[in-house]
K.L.:
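Encoded as structure tokens, here's the structure I'll be asking about.
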Amino acid sequence: MIGNGVSGKAMLEIARIRNIGISAHIDSGKTTLSERILYYTGRIHRIEEVRSKTGAGPTLDYMELEREKGITIQAAATYCAWKGYHINLIDTPGHVDFTVEVERALRVLDGAILVLCGVAGVQSQTITVDRQMRRYGVPRLAFINKLDRFGANPDKVLQQLREKLRIVPALITMPIGLESEFRGVIDLLRMRALAFEGSNGEHVVEYEIPSELLPEAQRRRQQLIETVAEVDDAIAEKYLADEEIPLEELMAALRRATIARQLVPVYVGSAKTNKGVQPLLDGVCAFLPSPAEVTYEAYRRDGNGTTVQLSADPSLPLVALAFKLEDGRYGQLTYVRIYQGTLRKGDTIVNVNTGRRVRVPRIGRIHADELHDIEIAAAGDIVALFGVECSSGDTLTDGQLDVILGSIYVPSPVIELAIAPKDRNKQANFAKALHRFMREDPTFHVARDEESGQTVIKGMGELHLEVYLERLRREYDCEVEVGRPQVAYRETITQRAEFNYLHKKQTGGAGQFARVAGYIEPLPPQSGETYEFVDQVVGGAIAREFIPACDKGFQEAMQRGLLIGKPVVGVRVVLNDGQTHPVDSSELAFKIASMAAFREAYLRAAPIILEPIMKLEVAVPEEFQGAVIGQINQRRGVIVSTTLDANYVVIEAEVPLAEMFGYSTELRSATQGKGEFTLEFLRYAPVPRPVQEQLIQEYQRRRLAEKTA
């Protein structure tokens, strides 16, 4: 029995469930496409545009800030039904500052739609989204959007998919006309032309392919069959024997290859002008997997790292993942993906990460900011639990299995701001808001600077932090004073240094005694690790119960480097000798000794400062190329590539984040407002020697001023 998409009381047939996300570079038309999908599936009865004059805004951009800025800030979930299939849909942000929303959506989805602009094609954030889809092994369809725009060229986009993303595109629909002449698509599987009639393109009308387009359609269908034959032996045999390939066999082969991520079915259209969306929905049902066709694993908590394979079977023990928290009008909503088993209203579940048992008072299906109550949810479902306290990334079970699901990849913050409430009486609201934002968003960090006593917020970019400051003001009536944006520098070492430190303190009663010896050395940069502890102590030089205290002491010392007080990364600590006193040794003594030993060795290990390097992509009219390259060079940028496309130059560069504050204003003034750019974290790299000396001097001056204040 298939759920009716409204009450959700009926158990959904797993083979007919599709859990999909829509991802793309900013401004490619994701939210516009989502709005059309909801309209054509009968989920909504009126289409609202992203920059609607009525101020209503799209269904899934329900935050006031999203509607004002015309961008998606939070991933929004909904559900709908199409031709007997139940589709759980998540619309994700395109802006790189909110990339964790894409990460956690793709972590729990079985398939995705990659939206591409028919004019701009594969852009910087498209490459990031592709990397995220690969990280979680998500099969996808591609939708080349905006074919009504001047300069639209789907063939160029197909070529970029091959060259830039290294994927094999299989074109399923081809356009009838382009730009202002774009009037429909041809279905290359069924060889029928499709027109989209009615005030919102809701009526799909099939007709014979126009004679002038038939040769091109036949050629493209032949290319489609060749593409499938390259990855599917059954189709290859018939193709090489020059046999007719039945439609059912071709579609089955396309489905197998899509789920195996050997190719990507590509659809074309224009969501804004209501063309090409319904065939894409057909493709979601035909080619993307159901939860039963995707393999998921959980880790046994036995310390051996062994895995157990989960099955989308409602009768097995419950395993679910809380992947997103939201504090809305219903209180805390916990978005949950159920991988195995069944969850009923009133059940008691176990949070494996905390060991706490909690009762589920309410289950609902999410439609934007609405919650539609249901009594039961089963394997394959994405639902929301009301009143369940947990954190993003926690594993929930019914207590029968002691397993934990793999965590979500969370990038580190690269920018910091010192903030304080203007009104002291709003301190409680201020603290409550920051606590809530941290729970909701794993890339939003809050820390206290021990030296200055300031509250420091950290995030993925200026827009990311700006959104939270605005939410503080609107949702908590808390105006804040904001310091200058600070770059999240790191420190590291460049050579090996030995340590041999004795901590000895004698007071009345028991004293403190601990000796630690070993060395620190830099980890290989390509390892991506920030810290590694190696225990090589033999012969009981340090009692086994004190080894964890040593590890803790080294980690604590690395939280604040000695150059500019920033966290130390990329260090391997090898502990190979020491001494324990039978009476005076303790965990505290070894922790203190380890902290002091690290600091002692650190300055002999040639420490340096690392800064975040950003990937910058600028698109400007050709006449402004020289001015823009000059600006990038002045900001210590390195030009990686320049490509000319339809009188527009796309410049890719690597630039230190510290040099990018205020860049948008400078770019607008240099290009008469015609330049656009995206900025994405790339890696950490050493700062130049003069910059390092300047940063150290500023840090020392600041510390001196704070001491004398």
Side-chain angles (χ1 to χ4, degrees), residues 29 33 36 40 113-121 141-162 168-230 235 238-239 242-251 253-254 258 263-284 286-287 645-646:
L33 175 62
R36 269 45 178 194
Y40 297 138
I113 299 171
L114 177 65
V115 183
L116 301 119
C117 172
V119 181
L141 308 180
F143 182 66
I144 302 176
N145 194 21
K146 301 190 176 185
L147 292 192
D148 60 311
R149 289 257 311 269
F150 176 74
N153 184 348
D155 285 320
K156 180 195 78 173
V157 182
L158 288 168
Q159 191 61 27
Q160 289 178 340
L161 285 171
R162 292 185 196 97
V168 179
L171 192 67
I172 307 295
T173 59
M174 63 168 267
I176 300 173
L178 283 174
E179 301 174 351
S180 59
E181 300 296 312
F182 179 57
R183 49 186 199 280
V185 301
I186 292 171
D187 181 344
L188 296 173
L189 289 169
R190 295 174 179 81
M191 289 300 281
R192 299 287 289 168
L194 305 176
F196 303 90
E197 297 180 356
S199 56
N200 291 308
E202 61 269 31
H203 303 302
V204 182
V205 179
E206 281 192 19
Y207 60 100
E208 291 290 330
I209 298 171
S211 56
E212 69 274 14
L213 290 175
L214 190 58
E216 185 189 351
Q218 288 170 335
R219 176 178 62 82
R220 288 189 185 271
R221 190 176 198 276
Q222 189 69 8
Q223 285 176 347
L224 171 63
I225 293 169
E226 287 171 10
T227 301
V228 179
E230 284 175 11
I235 298 297
K238 292 200 170 184
Y239 174 69
D242 214 16
E243 292 179 30
E244 184 65 31
I245 299 169
L247 175 63
E248 293 74 22
E249 286 186 30
L250 182 59
M251 289 188 68
L254 264 167
T258 304
L263 55 73
V264 174
V266 179
Y267 291 80
V268 301
S270 166
K272 192 171 174 59
T273 59
N274 311 309
K275 294 180 178 69
V277 177
Q278 292 95 325
L280 176 68
L281 275 168
D282 292 339
V284 165
F287 303 129
D645 182 17

K.L.:
Evaluate the side-chain proximity of P265 to L263: yes if any heavy-atom separation is below 4.5 Å, no if none is.
P.N.:
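Side-chain contact under 4.5 Å: yes.
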
K.L.:
Taking the basic N atoms (NZ, or NE/NH1/NH2) and the acidic carboxylate oxygens, is any pair closer than 4.0 Å for R220 and D155?
P.N.:
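The answer is yes: the pair qualifies as a salt bridge.
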
K.L.:
Is Y207 atom OH crowded by more than 12 heavy atoms from other residues, nucleotides or ligands, each under 6.0 Å away?
P.N.:
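Yes.
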
K.L.:
To check you understand the geometry: which heavy-atom pair defines the closest contact between L254 and A170, and what is its length?
P.N.:
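The answer is CD2-CB, 4.3 Å.
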
K.L.:
Working to the nearest 0.5 angstrom, can you tell me the gap between I176 CD1 and I186 CD1?
P.N.:
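Reported value, rounded in 0.5 Å steps: 4.5 Å.
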
K.L.:
Taking all non-hydrogen atoms of both residues into account, name the closest pair between A152 and L178 and its distance.
P.N.:
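In terms of heavy atoms, the two residues are closest at O-CD1, 3.8 Å.
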
K.L.:
Atom CG in D187, atom OH in Y267: separation rounded to 0.5 Å?
P.N.:
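Here the interatomic distance stands at 7.5 Å.
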
K.L.:
Mind running side-chain contact (heavy atoms from CB on, under 4.5 Å) on M174 and L188 for me, showing each step along the way?
P.N.:
CA-CA 7 Å; M174 63 168 267; L188 296 173; 3.9 Å; yes

K.L.:
What's the shortest heavy-atom distance between A193 and I209, and which atoms?
P.N.:
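For A193 versus I209, the nearest heavy atoms are N-CG1, 3.9 Å.
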
K.L.:
Nearest heavy-atom pair of V119 and F150: which atoms, and what distance?
P.N.:
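Closest heavy-atom pair between V119 and F150: CG2-O, 3.6 Å.
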
K.L.:
Would you call I245 and V228 a side-chain contact if the rule is heavy atoms closer than 4.5 Å?
P.N.:
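In short, these two side chains do not touch, never coming nearer than 4.5 Å.
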
K.L.:
With rounding to the nearest 0.5 Å, note down the distance linking CG in L281 to CG in L33.
P.N.:
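Result: 8.0 Å between the selected atoms.
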
K.L.:
I'd like to know whether F182 forms a side-chain contact (heavy atoms from CB on, under 4.5 Å) with R149, so could you lay out the CA-CA distance, the side-chain angles of the two residues, the decisive distance to 0.1 Å, and finally the verdict.
P.N.:
CA-CA 9 Å; F182 179 57; R149 289 257 311 269; over 6 Å; no

K.L.:
Go through the steps for E206 and L194 under the test side-chain contact (heavy atoms from CB on, under 4.5 Å), then give the verdict.
P.N.:
CA-CA 5 Å; E206 281 192 19; L194 305 176; 3.3 Å; yes

K.L.:
Any non-hydrogen side-chain atom of T258 less than 4.5 Å from a side-chain atom of V264?
P.N.:
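Sidechains of V264 and T258: no contact.
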
K.L.:
If I take atom CD from residue E179 and atom NZ from residue K146, how far apart are they, to the nearest 0.5 angstrom?
P.N.:
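Between atom CD of E179 and atom NZ of K146 there are 14.5 Å.
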
K.L.:
How about L114 and L141: do any of their side-chain heavy atoms sit closer than 4.5 Å?
P.N.:
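In short, these two side chains do not touch, never coming nearer than 4.5 Å.
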
K.L.:
Ignoring hydrogens and geometry beyond distance, is a side-chain donor-acceptor pair present between Y239 and E226 at under 3.5 Å?
P.N.:
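On atom types as modelled, these side chains qualify, holding a pair under 3.5 Å.
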
K.L.:
Of the non-hydrogen atoms in V277 and A271, which two are nearest, and what is the gap between them?
P.N.:
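So the two residues come closest at CG2-CA, 4.2 Å.
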
K.L.:
Does the side chain of F143 come within less than 4.5 Å of L116's, by heavy atoms?
P.N.:
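Contact flag for L116/F143 side chains = no.
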
K.L.:
As an exercise, state the distance from CZ of R183 to CG of D148, rounded to the nearest 0.5 Å.
P.N.:
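Atom-to-atom, R183:CZ and D148:CG are 14.0 Å apart.
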
K.L.:
Quick one: CZ on R36 to OG on S270, what's the gap to the nearest 0.5 Å?
P.N.:
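If we round to the nearest 0.5 Å, R36:CZ and S270:OG are 8.0 Å apart.
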
K.L.:
In plain terms, say whether K238 and E244 are close enough for a salt bridge, that is, a side-chain N and a carboxylate O under 4.0 Å apart.
P.N.:
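No, this pair does not count.
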
K.L.:
I want to check something: taking the side chain as every heavy atom from C-beta on, are F196 and V204 in contact at a cut-off of under 4.5 Å?
P.N.:
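When only atoms from C-beta onward are counted, V204 and F196 do touch, with a gap below 4.5 Å.
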
K.L.:
Quick one: do the Q159 and R162 side chains pair a donor with an acceptor below 3.5 Å?
P.N.:
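Per modelled atom types, Q159 and R162 side chains form a pair under 3.5 Å.
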
K.L.:
Would you say that V266 contacts I144 through its side chain, given a criterion of any heavy-atom pair below 4.5 Å between the two side chains?
P.N.:
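SC-SC contact between V266 and I144 confirmed.
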
K.L.:
Taking all non-hydrogen atoms of both residues into account, name the closest pair between L158 and P169 and its distance.
P.N.:
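Result for this residue pair: CD2-CB, 3.8 Å.
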
K.L.:
Quick one: does M251's side chain get under 4.5 Å of R190's, heavy atoms only?
P.N.:
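Yes - at least one pair of side-chain heavy atoms lies under 4.5 Å apart.
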
K.L.:
Begin with the C-alpha distance, continue with both residues' side-chain angles, and end with the deciding distance and a verdict on salt bridge (charged side-chain N to carboxylate O under 4.0 Å, His left out) for R192 and E208.
P.N.:
CA-CA 6 Å; R192 299 287 289 168; E208 291 290 330; 2.9 Å; yes

